[in-house]
Amino acid sequence: MKVLIKNVNIVNEGKVFESDILIENDLISRIAADISEEADQIIDGSGKYLLPGVIDDQVHFRDPGLTHKGDIESESRAAIAGGVTSFIDQPNTVPNAVTQELLADKYEIASQKAYANYGFMMGGTNDNLEEVLKTNPRNVPGIKLFLGSSTGNMLVDNPETLENIFSNTQMLIAVHCEDEATIRANTQKYMDEYGEDIPVKFHHLIRSEEACYISSSKAIELAEKTGARLHVFHLSTAKEMELFRNDIPLKDKKITAEVCVHHLTFTNEDYETKGGLIKWNPAVKTQKDKDALWEALLDDRIDVIATDHAPHTAEEKNNVYTKCPSGAPLVQHSLVVMLENYKNGKISLEKIVEKMSHNPAILFKVEKRGFVKEGYKADLVLVDLNENWTVSKDNLLYKCGWSPLEGMNFHSKVTHTFVNGHLVYDNGKIAEEKFGERLLFEARY
């Protein structure tokens, strides 16, 4: 199968240039100014932009056990519609993916259900070091540790266990950093005043800047002490930005940072209108925090943009504060949100591609993905930067059927998505066949 895209603006490795591109089977075979080769399909890319597919390094697709909220099939469909061609899923499912057997079960489900390429993190607990150390770095992206409890409660809070994991694994360790004792004390304070129905506007004061900083600074201290390879997920505060550096290339960093789309989009002021729909852990915080995250993203202290896509049913989200789960769906909209920021002059196209495609590939050492290069897998996204549309219930693909972005207008649209050379999304139409593959990772050490 050959697909030829003509006269398209390719965004790759800090450059934007007009070119043709030839896809043969699952690979990019040629990038050149004028390719006249016969092809099974020719797409006119005039005026459009071709990006490497987004690699989302943090999602919760809910398979197995929580599939009333979403599953690998429904959420990966939403992902490809949003230009996300690869995802890394987290272990706090039911059951938690904390043994090699349970991890293998998730991979088996994905092999049947995934529209996009997939990787699954191995979960660490207070007592599964032996299982963690059996993890194969060739085909598993890393180890995930919850240093603050969240959905699925996989809290790792034993200092000896943490040091053992950090000291003994050569794999990337990804962490959710919030200090549990601080959060519990803050929650109790507000419950004493309001009972179960705490106004959601206090969420950022309960899961506070202090809670985040205490935990992330400890994790970084431990990584520096042990030499572990640490990746800190979903940073949310200005204060934490002092913990990260931008004076060395990403490939040489031992400690890396991620920000999520929602922390770049919302602030605590939005709780008034959005309520529990924008309740995340860590919490969306102040305008000052949001500004600092943007600054750190643009100056390369923050390496990656992800979603922490975490669907819950509308009914679950409408519960009182203490029973309202944290998380929201985002994979269908992460790229267009960032493209809107480009349209508003906040970030360049090149920087979006760097943070959403190149850097996740470099950071996790994803094999032959994340770039528009000859010989690489043809995971590609075609976008029209001049198409206006509005997020509404009738164009959502999430199983949960809602989005915190409903009613928001966008001025760019994903028109085509290729996964492993297959056109899986074409102007609203999704291919029936699934072409997602298991992600592989180059030797790290």
Side-chain angles (χ1 to χ4, degrees), residues 56 58-60 90 146-151 175-179 182-183 186-187 190 198-216 232-241 257-297 302 304-312 314 316-334 336-338 340-341 344 346-347 355 391 398 400 402-408:
D56 192 334
Q58 190 192 179
V59 306
H60 303 265
Q90 305 307 302
F146 288 87
L147 307 185
S149 62
S150 197
T151 303
V175 285
H176 173 134
C177 287
E178 291 182 285
D179 183 63
T182 303
I183 292 163
N186 290 342
T187 305
Y190 283 95
I198 300 167
V200 73
K201 68 179 180 181
F202 295 121
H203 186 54
H204 75 294
L205 301 176
I206 292 171
R207 300 188 89 99
S208 61
E209 175 191 79
E210 182 194 18
C212 293
Y213 186 83
I214 288 170
S215 183
S216 51
V232 186
F233 276 155
H234 47 43
L235 288 151
S236 64
T237 75
K239 192 173 183 186
E240 288 170 292
M241 296 306 98
E258 175 210 274
V259 68
C260 288
V261 170
H262 46 280
H263 292 119
L264 297 172
T265 304
F266 298 105
T267 72
N268 62 303
E269 301 292 325
D270 295 305
Y271 289 126
E272 198 171 320
T273 53
K274 299 283 184 182
L277 297 183
I278 62 162
K279 184 181 183 223
W280 276 280
N281 299 341
V284 165
K285 295 187 173 69
T286 66
Q287 185 67 46
K288 176 182 161 236
D289 292 306
K290 180 180 159 184
D291 291 345
L293 294 171
W294 269 104
E295 187 185 329
L297 177 72
I302 291 178
V304 167
I305 300 168
T307 62
D308 193 16
H309 173 94
H312 300 282
E316 288 166 331
K317 285 298 252 180
N318 280 324
N319 280 324
V320 295
Y321 176 84
T322 51
K323 294 188 169 67
C324 169
S326 290
L330 269 174
V331 286
Q332 191 182 339
H333 302 102
S334 56
V336 291
V337 168
M338 295 313 298
E340 198 67 15
N341 283 301
N344 294 333
K346 286 197 78 144
I347 188 170
K355 302 294 183 180
V391 179
Y398 308 127
C400 66
W402 66 272
S403 162
L405 305 176
E406 280 171 61
M408 216 176 261

Going from [atom1] on [X] to [atom2] on [Y], what distance comes out if it is rounded to the nearest 0.5 angstrom?
X: Ser326; Y: His312; atom1: OG; atom2: NE2; result: 6.5 Å
X: Asp308; Y: His234; atom1: CG; atom2: NE2; result: 4.5 Å
X: Lys346; Y: Leu264; atom1: NZ; atom2: CG; result: 8.0 Å

Is the backbone of [Y] close enough, under 3.5 Å, to the side chain of [X] for a donor and an acceptor to pair up by distance?
X: Asp291; Y: Lys288; value: no
X: Lys279; Y: Val200; value: no
X: Thr187; Y: Ile183; value: yes
X: Lys285; Y: Ala238; value: no
X: Lys290; Y: Thr265; value: yes

Are [X] and [Y] side-chain neighbours, meaning at least one heavy-atom pair lies under 4.5 Å?
X: Leu330; Y: Asp56; value: no
X: Thr267; Y: Thr286; value: no
X: Ile278; Y: His262; value: no
X: Tyr190; Y: Tyr321; value: no
X: Ser208; Y: Thr182; value: yes

Item to check | side chain to side chain contact (heavy atoms under 4.5 Å, CB included) evaluation trace for Met241 with Glu295 | outcome: CA-CA 9 Å; Met241 296 306 98; Glu295 187 185 329; over 6 Å; no
Checklist entry - Passes salt bridge (charged side-chain N to carboxylate O under 4.0 Å, His left out), Arg207 versus Glu178? Steps please. => result CA-CA 7 Å; Arg207 300 188 89 99; Glu178 291 182 285; 3.0 Å; yes
Item to check | Quiz item: cation-pi between Lys317 and Trp402, 6.0 Å / 45° | outcome: no
Checklist entry - Does a donor on one side chain sit under 3.5 Å from an acceptor on the other, for Asn344 and Glu340? => result no
Checklist entry - Are Ser216 and Glu240 close enough that a side-chain donor and a side-chain acceptor fall under 3.5 Å? => result yes
Item to check | Distance flag, aromatic centroids of His176 and Phe233, threshold under 6.0 Å | outcome: no
